[in-house]
J.: 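Have a look at this one.
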Amino acid sequence: MLDPDFIRQNPEKVRQGAASKGADPSLVDKWLKTDEERRSLIGQVDQLRAERNRFTKELQAGETAPSEKKLSRGRELKEKIRILENRLALVSGEWERLLRDIPALPEEDVPAGKDETENVVVRKWGSPTRFNFKPRDHLELGERLGLIDVKRAGKVSGSRFGYLTGDLVLLEFALMQFGLEVTTGEGFIPVLPPVMIKKEMEAGLGYGEHGGWEDMYILDKDNLVLVATAEHSLVARYAEETFDEKLLPRRYVGFSTCFRREAGSYGKDTRGILRLHQFNKLEMVSFTRPEDSRREHKYLIEIEEKLMRALQIPYRVVKMCTGDLGHPAASKFDIEAWMPGQNKYRETHSCSNCTDYQSRRLNIRFRRQGGSEYVHILNGTVFSERPLIAVLENYQQEDGSVVIPEVLRRWVGKDKIMG
RNA sequence: GGAGGGAUGUGCCGAAUUGGUAAGGCAGCGCCCUGCUAAGGCGUAGCCUCUAACAGGGGCUUGCGGGUUCGAGUCCCGCUCCCUCCGCCA
């Protein structure tokens with residue numbers, strides 16, 4: 001959530017920022033109204049409590065048992081406080097709900113735009129792979145080579161599931177090994193986190209607002225949510241904690257299975273394994289000082305690009321416009337890999353700077369001279385399963401075999417996948 | 001799933017009469033002092049709110065949420081997490 005003081009002092013900026021992300025700007029005015037009421041109630045309650053504190057102190061000082069008259073005066077105070085406290089609780093609940101509903105404000109250099117069509121390509125690396133034959137798409141390649149089985153996954157689990165088999169499994173683990181090697185080499189601490197987290201933790205991440213819960217698997221019986229990415233459990237790990245400034249930046253790389261209901265994407269990307277309900281991903285998360293988060297954002301993207309270049313897969317970097325940012329993000333870049341099977345660039349990586357939006361919700365701070373401040377939190381993809389698609393399609397041969405990218409061969413143990 | 005024990009301010013430890021309104025110690029940090037170091041001295045919880053204010057006032061916070069009471073760390077109810085034991089289990 002945003003800093004309440006900032007909203008009070010810059011309501012117009014917040015209105016505009018919210019509107020640019022597609023949120024209702026009148027949220028701000030509704031919040032300001034509850035804020036006023038809340039503060040007035042706090043003043044009244046505090047005053048009555050002060051009175052009660054003085055009163056009980058007096059009683060305590062008395063040697064003899066308090067008279068019935070005094071006790072009834074105490075009961076009267078108690079009742080007054082109870083009524084006001086109940087109102088305050090109601091107003092505060094609304095105050096907080098509205099506050100959480102206001103999205104993170106876009107950084108100033110984020111291009112304005114309403115949806116993904118207005119994202120901006122900031123650079124390209126390589127150029128679309130050329131073939132002197134008609135390239136197949138990953139599903140055709142995968143089925144011919146016995147690497148992907150979505151038909152039986154449909155029988156067993158339904159649509160948007162897949163079995164990865166044979167050398168594709170080796171290839172996936174090779175990608176993860178490679179990603180781990182590079183990131184741990186940069187000092188990231190590897191983590192295998194829980195994939196089920198408490199609902200209130202998930203709420204702290206800031207993805208539930210504006211229909212976000214609809215896209216999650218929720219285990220109501222146990223009050224747990226299946227995470228959509230390791231980011232959720234990596235970030236929530238430090239909820240209610242305070243870092244020492246000397247320990248920042250803290251960098252983690254977590255591997256987890258990710259679960260997404262993909263509500264609202266019916267009929268979209270149904271072919272193959274591009275958009276599954278369940279996939280594996282290696283993910284970076286950084287906790288930084290506020291003044292370092294922009295630099296950290298660049299750093300995370302550099303790592304992602306370095307990985308793609310090592311795989312020799314053509315890609316482009318896309319800067320998300322305001323309308324495509326996501327509730328807790330102030331700035332976000334995607335990497336899109338060239339996918340010959342679709343003759344398009346498709347997202348394989350995402351990298352967000354959530355500034356202090358998540359840390360305020362989860363109360364993650366750091367100590368520095370003069371007190372404590374909220375950390376900035378960033379996340380970025382190392383590898384998911386989508387890069388497998390990019391490898392299959394970009395490295396395919398005319399005979400339907402697939403060459404293994406050189407950097408991965410030592411883990412796959414061969415240089416080519418043949419039928 | 002069953003039985004028992006526990007959780008006290010920023011990290012660690014830890015006190016608080018039959019309910020009377022959160023001691024203290026260590027560490028860390030800041031300042032001071034000593035030629036340096038060691039030792040020592042002083043100061044240091046967070047949040048909310050009033051306010052021009054990093055000044056000062058008030059309020060809240062003993063794992064979390066309720067309840068009883070003029071008053072709850074303390075009594076009652078529910079929950080979370082940790083530990084021990086039983087059962088089950090990759």
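Note: hydrogens, waters and symmetry copies are ignored here, and every other heavy atom, side chains too, is used. In what follows, chains carry the letters A, B, and so on, assigned in the order in which the sequence lines appear, proteins first and then strands, with residues in each chain numbered from 1. Note that the structure is predicted; figures quoted are calculated from it, not measured.
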J.: Within 45° of the ring axis of A:W213 and under 6.0 Å from its six-membered ring centre, is that where the NZ or CZ of A:K199 lies?
T.: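 Here A:K199 passes the 6.0 Å and 45° test against A:W213.
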J.: Tell which nucleotide pairs with B:A53, taking only Watson-Crick or G-U wobble pairs whose two distances are both under 3.5 angstrom.
T.: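 The base-pairing partner of B:A53, which may sit in any strand shown, does not exist here.
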J.: Provide the closest heavy-atom pair for A:H349 versus A:P387 in the form atom of the first, atom of the second, distance.
T.: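 Taking A:H349 first and A:P387 second, the nearest heavy atoms are CE1-CG, 4.3 Å.
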J.: Between A:K332 and A:D324, is a salt bridge (Lys or Arg N to Asp or Glu O under 4.0 Å) present by the stated rule, with each step listed?
T.: CA-CA 9 Å; A:K332 174 172 152 188; A:D324 204 18; 5.7 Å; no
J.: Dump the pairs, protein N or O against N or O of nucleotides 51-53 of chain B, anything under 3.5 Å, distances to one decimal.
T.:
none

J.: Under a 3.5 Å cut-off for both contacts, is B:A39 paired Watson-Crick or G-U wobble with anything, and if yes, with which nucleotide?
T.: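 Answer to the pairing question: none, since B:A39 forms no Watson-Crick or G-U pair.
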J.: For A:D137, enumerate each residue passing the salt bridge (charged side-chain N to carboxylate O under 4.0 Å, His left out) test, keeping only those at least two apart in sequence or located in another chain.
T.: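 In terms of salt bridge (charged side-chain N to carboxylate O under 4.0 Å, His left out), with neighbours along the sequence ignored, A:D137 is linked to A:R271.
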J.: Looking only at side-chain atoms of A:T56, point me to the closest of B:U69, B:G20, B:G46.
T.: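 The listed nucleotide nearest to A:T56's side chain is B:G20.
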J.: Who are the side chain to side chain contact (heavy atoms under 4.5 Å, CB included) partners of A:E241, not counting sequence neighbours?
T.: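 So A:E241 forms a side chain to side chain contact (heavy atoms under 4.5 Å, CB included) with A:Y238.
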J.: For B:G59 versus B:U21, give the span between their P atoms, rounded off to a whole number of Å.
T.: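 Approximately 15 Å lies between the P atom of B:G59 and that of B:U21.
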J.: Mind checking the C1' distance from B:G9 to B:G1? Whole angstroms is fine.
T.: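 37 Å, rounded to whole Å.
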J.: Quote, to the nearest angstrom, the C1' distance that separates B:C31 from B:G46.
T.: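 Pairwise C1' distance, B:C31 against B:G46, rounds to 22 Å.
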J.: What is the ring orientation for A:F287 with A:F243, classed by angle as parallel under 30°, tilted 30 to 60°, or perpendicular over 60°?
T.: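 Plane angle between 30° and 60°, so tilted.
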J.: Looking only at the side chains, is there a donor atom on one of A:Y315 and A:E336 sitting less than 3.5 Å from an acceptor on the other?
T.: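 Looking only at side-chain atoms, A:E336 and A:Y315 do not form any donor-acceptor pair under 3.5 Å.
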J.: Between B:G71 and A:R75, is there an OP1 or OP2 to side-chain N/O distance shorter than 4.0 Å?
T.: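 No, A:R75 has no side-chain N/O under 4.0 Å of OP1/OP2 on B:G71.
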J.: Judged by each residue's nearest nucleotide on RNA chain B, which is more toward the 5′ side, A:W95 or A:G74?
T.: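 Its nearest nucleotide being more 5', the pick is A:W95.
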J.: Using a strict 4.0 Å threshold on nitrogen-to-oxygen distance, state whether A:R367 and A:E245 make a salt bridge.
T.: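 Salt bridge between A:R367 and A:E245, a charged N being under 4.0 Å from a carboxylate O: no.
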J.: At less than 4.0 Å, is any side-chain N or O atom of A:R365 found next to OP1 or OP2 of B:U10? Yes or no.
T.: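 No, no such contact exists.
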J.: Report which part of the nucleic acid A:R8 touches: base, sugar-phosphate, or nothing (heavy-atom distance under 4.0 Å, all strands).
T.: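 Sugar-phosphate contact only - A:R8 comes under 4.0 Å of backbone atoms but never of a base.
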J.: Would you call the rings of A:H277 and A:Y217 parallel, tilted or perpendicular, taking 30° and 60° as the class edges?
T.: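 Perpendicular, since the angle between the ring planes exceeds 60°.
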J.: Could you measure between the two C1' atoms, the one in B:A27 and the one in B:C12, and give it in whole Å?
T.: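 7 Å, rounded to whole Å.
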J.: Work out how far the P atom of B:G41 is from that of B:C33, and round it to whole angstrom.
T.: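 Here B:G41 and B:C33 have their P atoms 16 Å from each other.
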J.: Could you identify which residues of residues 240-248 of chain A place a heavy atom less than 4.0 Å from some atom of RNA chain B, listed by residue number, or say none?
T.: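 When residues 240-248 of chain A is checked for heavy atoms under 4.0 Å from RNA chain B, the hits, listed by number, are A:K246.
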J.: Restricting to salt bridge (charged side-chain N to carboxylate O under 4.0 Å, His left out), what partner residues turn up for A:E240, sequence neighbours left out?
T.: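 Counting only residues at least two positions away or on another chain, A:E240 forms no salt bridge (charged side-chain N to carboxylate O under 4.0 Å, His left out).
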J.: What integer number of Å spans the C1' atoms of B:C79 and B:A7?
T.: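 14 Å, rounded to whole Å.
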J.: Reading RNA chain B from 5' onward, which residue's closest nucleotide shows up sooner: A:D35 or A:K198?
T.: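 In this pair, the answer is A:D35.
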J.: Any donor and acceptor pair, going by atom type alone, linking the side chain of A:E406 with main-chain N or O of A:I404 inside 3.5 Å?
T.: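 No.
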J.: Expressed as a whole number of Å, how far does the P atom of B:G78 sit from that of B:A3?
T.: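 Going atom to atom, P in each nucleotide, I get 12 Å.
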J.: Does B:A45 have a Watson-Crick or wobble mate here (both distances under 3.5 Å), and if so which one?
T.: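 Check on B:A45: paired to B:U61, both distances under 3.5 Å.
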J.: Roughly how many Å apart are B:A45 and B:G25, using the P atom of each and rounding to a whole number?
T.: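 Here B:G25 and B:A45 have their P atoms 14 Å from each other.
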J.: Detail all sub-3.5 Å separations between protein N/O atoms and N/O atoms belonging to nucleotides 55-59 of chain B.
T.:
residue : atom : partner : partner atom : Å
B:G58   : N2   : A:D46   : OD2          : 2.9
B:G59   : OP1  : A:N53   : ND2          : 3.0
B:G59   : O2'  : A:D46   : OD1          : 2.7
B:G59   : O2'  : A:R49   : NH1          : 3.0

J.: Picking from A:R386, A:E393, A:Q342, what satisfies side chain to side chain contact (heavy atoms under 4.5 Å, CB included) with A:H138?
T.: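 Going through A:R386, A:E393, A:Q342 one by one, the side chain to side chain contact (heavy atoms under 4.5 Å, CB included) with A:H138 is satisfied by A:E393 alone.
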